[in-house]
Asker: 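This is the structure I want to talk about, given as structure tokens.
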There are 2 protein chains.
Amino acid sequence: MPASSIRARVRAEMIDEIKAVARRHLATDGANLSLRAVARDMGMVSSAIYRYFPSRDELLTALIIEAYDSLGDAVEAADADCERLDLRGRWHATCRAARDWALAHPAEYALLYGSPVPGYAAPDDTIGPAQRPPLTLVGILRDGLEAGRIDPPPGTEPAEPLRDDLADLAQAFFPSLTGALLARGMAGWTQLFGLISFELFGRLNRTLPHRDAYFDHQTALMADLIGLPPAE
Amino acid sequence: MPASSIRARVRAEMIDEIKAVARRHLATDGANLSLRAVARDMGMVSSAIYRYFPSRDELLTALIIEAYDSLGDAVEAADADCERLDLRGRWHATCRAARDWALAHPAEYALLYGSPVPGYAAPDDTIGPAQRPPLTLVGILRDGLEAGRIDPPPGTEPAEPLRDDLADLAQAFFPSLTGALLARGMAGWTQLFGLISFELFGRLNRTLPHRDAYFDHQTALMADLIGLPPAE
DNA sequence: TCAAAACCGAGAGCAGTGCTCTTGACGGAG
DNA sequence: CTCCGTCAAGAGCACTGCTCTCGGTTTTGA
């Protein structure tokens with residue numbers, strides 16, 4: 001064990017360094033990072049990288065999982081910093097945390113939520129970390145329902161056959177979640193993703209200089225739609 | 001003119017054929033299409049392509065503009081097929097048209113609304129065609145306001161400094177558009193983009209088999225948020 | 001303890017990419 | 001008919017992901 005662990009330790013450090021250099025390249029070169037380039041940066045030969053990652057896609061997968069966890073950490077920490085029953089505060093905090101993380105790590109965000117790489121299929125290892133942000137939003141719904149503090153405004157109700165789909169999916173989260181509320185929560189999650197993507201990918205109108213205020217207002221609209229009570 | 005135009009005609013046909021082959025490759029290989037591959041498909045040598053497109057990015061730009069116009073045509077046609085005062089019908093028709101187009105041309109949609117290509121900056125030729133879909137939505141707002149048929153539900157109002165930004169931007173569209181309504185319209189547009197992206201990029205939960213119904217319901221929620229009157 | 005097994009880095013090599021440059025042939029314009 | 005512009009072709013450069021082999025080191029197990 002002591003002798004073998006020194007090799008294993010060096011190997012783990014090597015993997016970490018490769019991932020760190022690759023993450024740095026990702027920030028500048030975008031999704032098309034080159035194994036040879038990271039190998040050059042590390043003073044190695046390209047073929048040596050393959051001792052640690054069997055392919056470029058495997059390296060990308062490792063970076064994707066790390067990015068999902070980094071985003072999940074940020075979102076969950078922001079949510080945990082709020083009063084449990086301050087539903088609207090938690091909603092805004094999680095949304096802002098996701099946006100802040102995306103603005104700080106644009107290339108990683110593009111890797112997670114941008115167009116999928118053509119030949120690349122995300123392995124199952126990624127679906128767990130990928131669900132952490134939306135699950136945080138579901139947690140807000142759960143706490144709000146338990147406290148009886150969620151009142152969605154009147155509006156379109158899901159009809160068949162969607163009603164059963166939503167009800168089944170809602171039951172998989174927690175029993176008191178209705179399909180109608182789940183749909184509104186998913187609308188909020190979709191809006192959050194769209195807001196960040198538009199801002200990050202440059203599709204936001206240039207005549208909106210106060211982007212923080214715009215983001216907060218648009219997420220507030222979705223909080224209204226979900227039925228989160230106004231902050232007192 | 002007659003003699004020179006035969007040359008120009010052949011050249012124009014060549015450009016069209018290159019774009020057609022490239023679009024075909026785009027559907028299979030995604031964003032990383034190869035000039036050499038399209039040249040091979042046309043029985044040419046790669047360097048010959050450069051007689052018609054100075055770089056791969058120029059070819060991509062041409063495809064992007066064509067795709068924007070194709071999407072714009074579909075959206076505007078769907079909108080024009082509706083009764084002018086059937087605001088909700090127009091909203092659903094345009095949303096469905098955008099989704100149908102995206103599902104029929106996933107690679108082109110990813111090219112337009114996916115993560116930007118790292119070294120590539122969209123030239124100004126693209127911003128005109130790119131604005132056609134959102135401008136169609138603005139047209140629904142304009143007709144609705146002129147007919148006095150839009151009643152947004154109560155909810156968060158934009159505060160300073162966002163209020164002025166939105167008001168200025170709204171004035172640039174048409175005078176009677178308020179900043180608050182514009183923000184709700186932009187939320188609808190953001191939601192539409194997010195819905196399509198989630199479905200296309202495989203982030204939609206697999207337990208929602210009736211995707212058409214889900215899409216219609218979510219866009220109906222946004223119609224409620226905007227204040228489009230219910231269909232009678 | 002000492003040989004066998006596993007691991008590792010370096011290098012060559014293959015097939016592919018975008019792009020540049022030169023060469024030679026063809027066709028329209030004066 | 002001659003010139004000039006346009007064209008396809010080919011060679012070549014620098015780059016990519018990836019495979020394989022060759023030595024050298026480290027770890028393991030008998």
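Note that these values count all heavy atoms, side chains included, but never hydrogens, waters or copies made by symmetry. Convention: sequence-line order gives letters A, B, ...; per-chain numbering from 1.
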Asker: Base, sugar-phosphate or nothing for A/Phe53? Non-hydrogen atoms, less than 4.0 Å.
Answerer: nothing
Asker: Name the closest nucleotide to the B/Ser47 side chain, picking from C/dA10, D/dC18, D/dG10.
Answerer: D/dG10
Asker: Rounded to whole angstroms, how far apart are CD on B/Glu58 and P on C/dT20?
Answerer: 12 Å
Asker: Rounded to whole angstrom units, what separation is found between the CD1 atom of A/Ile49 and the P atom of D/dC18?
Answerer: 12 Å
Asker: Output the single nucleotide from C/dC19, D/dT16, D/dA8 whose closest atom is nearest the side chain of A/Arg36.
Answerer: D/dT16
Asker: Over how many whole Å does the gap from B/Leu59 atom CG to C/dT17 atom C1' extend?
Answerer: 15 Å
Asker: Among side-chain atoms of B/Tyr109 and A/Ser115, is any donor-acceptor pair under 3.5 angstrom?
Answerer: no
Asker: To the nearest Å, how far apart are B/Asp29 CG and D/dG17 C1'?
Answerer: 16 Å
Asker: Give one of base, sugar-phosphate or nothing for A/Leu33, where a contact means two heavy atoms less than 4.0 Å apart.
Answerer: sugar-phosphate
Asker: Rounding to an integer number of Å, can you tell me how far A/Arg40 CZ sits from C/dG9 P?
Answerer: 18 Å
Asker: Do A/Asp212 and A/Arg96 meet the salt-bridge criterion of a basic N to acidic O distance under 4.0 Å?
Answerer: no
Asker: Side-chain N or O of A/Ser55 less than 4.0 angstrom from OP1 or OP2 on D/dG17?
Answerer: no
Asker: Could you check how far CZ of A/Arg56 sits from P of D/dC15, rounded to whole Å?
Answerer: 17 Å
Asker: Among C/dG11, C/dT17, C/dT20, which nucleotide has an atom closest to any side-chain atom of A/Val45?
Answerer: C/dG11
Asker: Under 4.0 Å between a side-chain N/O of A/Arg11 and OP1 or OP2 of C/dC8, yes or no?
Answerer: yes
Asker: Aromatic rings B/Tyr68 and B/Tyr113: how do their planes relate, parallel, tilted or perpendicular, breaks at 30° and 60°?
Answerer: perpendicular
Asker: Can you see if the side chain of B/Tyr50 gets near the phosphate of C/dC21 - specifically, an N or O under 4.0 Å from OP1 or OP2?
Answerer: no
Asker: Among D/dT16, C/dG9, D/dA8, which is the nearest nucleotide to the side chain of A/Met14?
Answerer: C/dG9
Asker: Take the protein atom NE2 of A/His25 and the nucleotide atom P of D/dC15, then report the distance between them rounded to whole Å.
Answerer: 13 Å
Asker: Where the side chain of B/Met44 is concerned, which of C/dC19, D/dC18, D/dA8 is the nearest nucleotide?
Answerer: D/dA8
Asker: What is the distance, rounded to the nearest whole Å, between atom CD of B/Glu17 and atom P of D/dC7?
Answerer: 15 Å
Asker: Which is true for B/Arg51 with a 4.0 Å heavy-atom rule: it touches a base, it touches only sugar-phosphate, or it touches nothing?
Answerer: base
Asker: Is any side-chain heavy atom of A/Phe53 less than 4.5 Å from a side-chain heavy atom of A/Leu35?
Answerer: no
Asker: Does the side chain of B/Ser70 come under 3.5 Å of the side chain of B/Trp101 through a donor N or O and an acceptor N or O?
Answerer: yes
